[in-house]
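For ligands, and for the atoms within them, numbers begin at 1 and follow the listed sequence.
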Amino acid sequence: MRADRPVALVTGSTSGIGEAIVRRFARDGFRVVVHSRASREAGLAIADELGGLYLQADLADDSAVDGVVPRVLDEYGQLDVLVNNAGISRPIPHDDLAAASAADWRRLLDVNLIAPWLLCTSALPALRDSPRPGGGSIVNVTSWAGVRPKGSSIPYAASKAALNHVTKLLAAALGPAVRVNAVAPGLVDTPMTRDWTELRRRWVETAPMRRPARPDDVADLVASLVANTYLTGEVIVLDGGLNLRQ
Ligand SMILES: NC(=O)c1ccc[n+]([C@@H]2O[C@H](COP(=O)([O-])OP(=O)(O)OC[C@H]3O[C@@H](n4cnc5c(N)ncnc54)[C@H](OP(=O)(O)O)[C@@H]3O)[C@@H](O)[C@H]2O)c1
């Protein structure tokens, strides 16, 4: 029997953008599944505070990824919203091709592209069963770097560009039962970008909004994409307008 409240799984939700999303969903009445790779204590504390479930799984490991959705269904018996937020990035100068090794490419693609694909695949039957208006919903957190020829490294930008395209292909394939959208943030103040002072300066000087995003700015947009019952196949750039100038 389905419970009265929908269930949302947010990958990488012990920090930064993912934590803001999971907190927003809890405020919106969802039962939440908090997930991370290593930060178990933080995950348990957030899940406890929000009355949700915490799952630990390294998304670079296919067998760990395969275990995630079954554990959600064991606990709650349903899954209505999947947010593929977890991602990794390591700055590599774009003109230093040798610095982006095959191992760098594989790890970035594993975590940023293939793991979201595997999670969409295993979540699909449950998402198709969601009775929510507008059906089940997937939101992929990609990046401005997947839309503009920029970003912390070429492998990172390519992984996010690929996920943007997968978003559109899945939206076309899975409607009307499941909607699929992406949020492509520019610079967001999170632990990942703590030391990116030069980029922060560019945002403050050049973006019409004159600041990087806050994690809550992204969470608000994700919540709207999930709440909307018609929108699908969109990649929404959330960069404070920087793309108008660069
Ligand atoms: N911050 C930005 O400016 C920005 C801009 C555009 C797009 N994004 C995208 O937004 C998403 C969130 O970024 P953020 O800045 O909020 O990152 P963050 O603060 O570094 O948090 C990353 C989260 O993902 C988890 N994670 C990392 N690697 C993982 C793995 N192999 N398996 C499972 N979980 C893993 C982390 O768990 P552990 O701590 O346990 O490793 C953590 O919960 C990423 O996809 C990123 O590419 C960020």
Side-chain angles (χ1 to χ4, degrees), residues 9-24 32-47 54-68 71 82-91 104 106-116 118-119 139-148 150-153 155-164 166-167 182-200 202-204 207 211-219 221-222 235-240 242-243:
L9 163 63
V10 182
T11 65
S13 41
T14 54
S15 167
I17 295 168
E19 180 179 352
I21 296 170
V22 91
R23 288 183 180 282
R24 171 61 192 257
V32 292
V33 183
V34 179
H35 157 269
S36 73
R37 177 186 57 91
S39 47
R40 184 178 174 78
E41 292 304 310
L44 287 169
I46 295 167
Y54 169 69
L55 296 180
Q56 187 173 3
D58 184 348
L59 298 187
D61 172 354
D62 290 355
S63 62
V65 178
D66 287 344
V68 170
R71 281 155 73 197
L82 165 65
V83 179
N84 285 307
N85 165 76
I88 52 171
S89 169
R90 180 172 76 78
D104 287 322
R106 291 202 178 94
R107 185 159 173 82
L108 277 156
L109 291 174
D110 274 344
V111 176
N112 292 359
L113 178 64
I114 296 172
L118 295 175
L119 287 168
V139 179
N140 295 319
V141 178
T142 63
S143 176
W144 169 82
V147 178
R148 306 280 301 143
K150 311 265 179 184
S152 60
S153 73
Y156 175 79
S159 73
K160 296 297 191 175
L163 190 56
N164 282 335
V166 165
T167 298
V183 175
L187 185 66
V188 187
D189 276 328
T190 71
M192 183 190 274
T193 60
R194 192 173 287 134
D195 303 327
W196 298 8
T197 0
E198 180 52 34
L199 198 59
R200 178 164 294 99
R202 198 193 315 162
W203 241 273
V204 170
R211 65 169 176 86
R214 302 178 188 111
D216 279 342
D217 295 319
V218 186
L221 179 54
V222 171
V235 175
I236 315 275
V237 176
L238 186 73
D239 68 349
L242 190 78
N243 70 89

Are any of the N or O atoms of [X] closer than 3.5 Å to those of ligand 1?
X      : value
His35  : no
Leu187 : no
Asp58  : yes
Val188 : yes
Leu59  : yes

What pairs with Arg211 under salt bridge (charged side-chain N to carboxylate O under 4.0 Å, His left out), at least two apart in sequence or on another chain? Asp217

Quick one: nearest non-hydrogen protein atom to [atom], plus distance?
atom                    : result
atom 12 (C) of ligand 1 : Asn85 OD1, 3.3 Å
atom 25 (C) of ligand 1 : Gly12 CA, 3.6 Å
atom 21 (O) of ligand 1 : Ser15 OG, 3.5 Å
atom 1 (N) of ligand 1  : Thr190 OG1, 3.2 Å
atom 38 (P) of ligand 1 : Ser39 OG, 3.6 Å
atom 48 (C) of ligand 1 : Ile17 CD1, 3.7 Å
atom 5 (C) of ligand 1  : Gly186 O, 3.0 Å
atom 29 (C) of ligand 1 : Arg37 CB, 3.7 Å

I need the atoms of ligand 1 closer than 4.0 Å to a non-hydrogen atom of [X], numbered in the order shown.
X      : answer
Gly87  : 27 (C), 44 (C), 45 (O)
Thr193 : 1 (N), 2 (C), 3 (O)
Gly16  : 16 (O), 19 (O)
Ser13  : 43 (O)
Ala57  : 32 (N), 33 (C)
Ala38  : 38 (P), 40 (O)

Which pair of heavy atoms, one from Leu242 and one from Arg202, lies closest together, and at what distance? CD1-O, 4.3 Å

For residues Asp239 and Trp203, report the shortest heavy-atom separation together with the two atoms involved. O-NE1, 3.0 Å

Considering only heavy atoms, does [X] approach ligand 1 within less than 4.0 Å through its side chain, its backbone, both, or neither?
X      : result
Thr142 : backbone
Tyr156 : side chain
Ala145 : neither
Lys160 : side chain

Distance-only, no hydrogens or angles: does the Thr142 side chain make a donor-acceptor pair with backbone N or O of Val183 under 3.5 Å? yes

Where the side chain of Asn85 meets the backbone of Thr11, is there a donor-acceptor pair that is under 3.5 Å apart? yes

Within the structure, is a non-hydrogen atom of Pro191 found at a distance of less than 4.0 Å from ligand 1? yes

State plainly whether the residues Arg23 and Glu19 are in salt-bridge range, i.e. N to O under 4.0 Å. yes

